[in-house]
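These notes concern the structure reproduced below.
All of these numbers come straight from a predicted model, not from anything done at the bench.
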Amino acid sequence: MDEERGDEPLGEARVFRRRRGSFQPYKPKDARDSLLFSVTLMTPPERGLGTFRLDPNTGCGDIIQLADTGQAYLIKSVAYKYAFSHGAYR
């Protein structure tokens, strides 16, 4: 699989989920089901943080921590956008 999408490289990030009142690192069994997430910081002005390969169950209330900066961000909303390619939406 190609590790780059266009000219934008994929970033490294960890997902933390709330368990028993605190956030615990999420450890998937394998990375087969990882999807590409385009992460945008919504505070004005909007700026893109990059594209990351995360677990498909990543959703509102989870925290992602970027590996390169160590910054952590709380996920407020998730929007799914499908692309029409090769005769089907993917």
Heavy-atom distance under 4.5 Å between the side chains of L36 and R53, does that happen here? yes
When rounded to the nearest 0.5 angstrom, what distance separates CD1 in I64 from CZ in F37? 9.5 Å
Tell me every residue that passes side chain to side chain contact (heavy atoms under 4.5 Å, CB included) with P56, counting only those two or more places apart in sequence or in another chain. D33, L35
Within the structure provided, determine whether I75 and T58 are in side-chain contact (heavy-atom separation under 4.5 Å). yes
What side chain to side chain donor-acceptor pair (under 3.5 Å) pairs are there with at least one residue in residues 59-71, not counting sequence neighbours? R17-D62
If hydrophobic clusters are built by linking Ile, Leu, Val, Met, Phe, Trp and Tyr wherever their side-chain heavy atoms come under 4.5 Å apart, do V78 and L54 end up in the same one? yes
With the side chain counted from C-beta on, respond yes when V15 and I63 share a heavy-atom pair under 4.5 Å apart, and no when they do not. no
Minimum side-chain heavy-atom gap Y73-L49 below 4.5 Å: yes
Can you name the nearest heavy-atom pair linking C60 to S77, along with the distance? SG-CA, 3.7 Å
